[in-house]
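To start, the structure itself, in structure tokens.
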Amino acid sequence: MSPAMKKKKRDANNGHRCVYINDVITAAAIGGVVFRTSILRRYLRRLRHHVFPLICAVSGCLLIFLAAFSLLAPSPVLHFHNHLSLLRHLSSVDNGGDEVRDNSDETATFRVPESGGSSGRDLWSTRNSELFFGCSNAADNFATADAKTHSNRYLLIATSGGLNQQRTGITDAVVAAYILNATLVVPKLDQKSYWKDSSNFDEIFDVDWFISSLSKDVKIIKQLPTKGGKPMSPYTMRVPRKCNAKCYQNRLVPVLNKKHAVQLTKFDYRLSNKLDSNLQKLRCRANYQALKFTDTIRKMGKKLVERMSMKNKHFIALHLRFEPDMLAFSGCDYGGGEKERKELGKLRKRWKTLHASNPDKVRRHGRCPLTPEEVGLMLRALGFGRDVHLYVASGDVYGGEETLAPLKTLFPNFHTKETLLSKEELAPFSSFSSRMAALDFIVCDESDVFVTNNNGNMAKMLAGRRRYFGHKPTIRPNAKKLSQLFINRNNMTWEEFASRIRTDQIGFLGEPNEVKPGRGVFHENPAACICSTSDTKAKEDYMNKDSGYATDEQVTEDEQDWSEMDYAEITNQSIGKVLPSGSVSGPSVLLKSDQPEFEEFFSD
């Protein structure tokens, strides 16, 4: 083969090798791309199966958290501090009304009229009240004190709380002494409570009248007799709340027979609401006839009533109860932020056995006092106009004048005992909380309409008293239903709002038969002491007709707390179990004064 031919063959072979190598390189490149694509697909698939669900889960958690927060966060519309910070105010407008405005929107969203309009009823009386009257005379077969009192049994009590809480204890002590066939020693008032009032019984109540008016029922003395030249030393103990007659007999008679003198400590709400009618009537005689304030207190109270009556034919008395201690006890949130939480939280520690507060739950259950502005709006919706004169029974309102401003704008004829009396007239009372409370009690009792902003002791005592003496109008906010209405009020017209208020307040206006006999606290609903002038058939027809009585739900709103239960349902804290009604217990289960106990009824 010639050299030229060999060279040509080598070139051809080299060409084939180059093509082969190029093909290999190309194939390798394509294979690398395919391999990388496969890896990328597997990575994306793994990302989709693992990372994406994680992202979805985190997003879902965030959405759930935001939804829960929006549901649980208190509405800013509800709180009076937020009202003020947004400059929500009541201002006079051209059409003779009041207009609620917000700085963020100058358009009127909620127009409040100056007049109350037509409510379709007499604002200053209750329907058919003339058919009912108080009746508490003893039955012919009711044993007298002379016939039943044991000469060697003495009962003493130490009252607890503010004036009206102490009043419940004094009233119930009379009945307890009757049950035990014991002589009652004039009760000792609480001088160590929150108010630090040093007043004795005879500085608040007419002690001689108290003793003489009950002399046929219970023997009462001013102090224990001496024994061997020395004062008797009473045995100290405590009975459970809502203790019935059999409970008192089983627990105390053995002790009285041995010790002869027993002092019951912290005596408030220690007697059952469910007693026979003769004992209930004795309760009413003690409360409505025997317990009279001293001449000094009654004369000044009468002067306050006369000065209010001179200003107008009718007037409303409002027990506002918006003091810091009340708000602390309620556990409600009024939008004052960290400052409010610290201030009220410090006061709340006074009740060592109170559980942690859930403000939203408390409000939903109607346990929060209305703000002064909300009280004013409720009254206007019920038909009370700007010209009505308002007497306000209250201590130092939380937030001061800033909190009161909306109420004063709605009702500019705003009075207190401090504005009606001179400093000189008020001086003998001003250093004593119980005497000041007594003056407010008298004005509220004599008012044409009484409005309470909570269901505490003063509210209960006055509600029962006003029922007994003619069913004078007594308005208690149906806070459970009104709370949501106040939240949403800017989303409706005034007419719709007022109509809803009037509907929700049916059964909360102090009319006859609003509360069924046996329901609630006896001091608030003394049904055994209220009689009818009509015959039985007429009374039944009246009770059954649709005249706006409370529904079962409305009646029982305030009956859910354990302290409202009868004795048989109360857990004895010292042994951690429920004692059966009428059970006999030894000294180990007596409630001693140093044992913790929850104070459900706020002391006022």
Side-chain angles (χ1 to χ4, degrees), residues 143-161 166 168-192 200-201 207 210-211 214-215 217-272 275 279 282-283 286 567-568 570 572-575 577 579-597:
T144 62
D146 291 339
K148 73 189 300 290
T149 305
H150 290 211
S151 60
N152 60 346
R153 290 186 188 175
Y154 299 94
L155 180 67
L156 301 86
I157 67 157
T159 60
S160 174
Q166 292 182 81
T168 66
I170 296 165
T171 299
D172 290 350
V174 171
V175 181
Y178 185 89
I179 292 170
L180 297 168
N181 301 326
T183 296
L184 178 65
V185 180
V186 170
K188 180 182 178 183
L189 300 187
D190 183 357
Q191 299 176 339
K192 298 179 180 179
N200 294 317
F201 188 98
V207 65
F210 178 70
I211 293 171
L214 292 168
S215 60
D217 301 313
V218 176
K219 184 179 179 182
I220 304 175
I221 58 177
K222 293 184 179 181
Q223 57 186 19
L224 274 175
T226 58
K227 188 176 182 180
K230 296 181 180 179
M232 293 180 68
S233 179
Y235 179 78
T236 301
M237 58 182 283
R238 189 185 298 178
V239 294
R241 289 184 186 268
K242 307 305 176 191
C243 196
N244 59 24
K246 194 172 182 181
C247 161
Y248 272 93
Q249 291 165 349
N250 288 338
R251 287 175 176 265
L252 270 79
V253 168
V255 182
L256 281 167
N257 287 340
K258 183 178 180 180
K259 302 291 186 180
H260 304 301
V262 171
Q263 175 169 290
L264 300 178
T265 62
K266 202 176 184 301
F267 199 79
D268 58 340
Y269 294 95
R270 303 288 164 178
L271 185 62
S272 173
L275 302 174
L279 292 178
L282 174 57
R283 223 174 190 171
Y567 162 66
I570 293 179
N572 185 302
Q573 297 183 20
S574 63
I575 58 176
K577 65 181 180 181
L579 293 174
S581 180
S583 62
V584 180
S585 58
S588 63
V589 296
L590 294 177
L591 290 173
K592 295 293 184 178
S593 59
D594 58 347
Q595 289 179 298
E597 187 173 83

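Just the heavy atoms: all of them, side chains too, but no hydrogens, waters or symmetry mates, feed the values below. As the structure is a prediction and not an experimental result, all values here were calculated from the model.
One distance of note links NZ of K148 with CD1 of I179; it measures 8.5 Å at 0.5 Å rounding. Taking NZ from K227 and OG from S233, the interatomic distance works out to 10.5 Å, rounded to the nearest 0.5 Å. With values rounded to the nearest 0.5 angstrom, C247 atom SG is found 10.5 Å from R270 atom CZ. The distance from atom CG of L155 to atom CG of L252, rounded to the nearest 0.5 Å, is 7.0 Å. One finds the CG atom of L264 at 6.0 Å from the CE atom of M237 (value rounded to the nearest 0.5 Å). Atoms CD and CG, from Q166 and D190 in turn, are 5.0 Å apart once rounded to the nearest 0.5 Å.
Side-chain contact check for L256 versus K258: every heavy-atom pair is 4.5 Å or farther apart. Proximity of L224 to P231: side-chain heavy atoms (C-beta onward) are nowhere separated by under 4.5 Å. Inter-residue side-chain proximity for D172 and R283 is flagged as met; some heavy-atom pair is nearer than 4.5 Å. Contact check for I170 versus L189: side-chain heavy atoms found under the 4.5 Å cut-off.
A donor-acceptor pair under 3.5 Å is absent between the side-chain atoms of Q263 and the main chain of A158, judged by distance alone. Side-chain atoms of N152 do not come within 3.5 Å of backbone N or O of H260 as any donor-acceptor pair. The backbone N or O of T168 sits nowhere less than 3.5 Å from a side-chain atom of Y269 that would complete a donor-acceptor pair. Counting only distance, with no hydrogens or angles, the side chain of R153 and the backbone of L180 share a donor-acceptor pair below 3.5 Å. Checked by atom type and distance alone, the side chain of T159 never pairs as donor or acceptor with a backbone atom of K266 at under 3.5 Å.
Nearest heavy-atom pair across Y248 and A176 is CE2-CB, 3.9 Å. In terms of heavy atoms, A261 sits closest to L156 at CB-CD1, 4.5 Å. Closest approach of A182 and T149 over heavy atoms only: C-CG2, 4.0 Å.
With sequence neighbours excluded, the residues that form a side-chain contact (heavy atoms from CB on, under 4.5 Å) with D146 are T144. Under the rule for a ring pair (Phe, Tyr, Trp, His ring centres under 6.0 Å), the partners of F210 that lie at least two apart in sequence or sit in another chain are F201. Residues forming a side-chain contact (heavy atoms from CB on, under 4.5 Å) with K222 (at least two apart in sequence, or on another chain): V186, V207, D208, I211.
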Would you check, one step at a time, whether the test side-chain contact (heavy atoms from CB on, under 4.5 Å) holds for T265 with T236? CA-CA 7 Å; T265 62; T236 301; 3.2 Å; yes
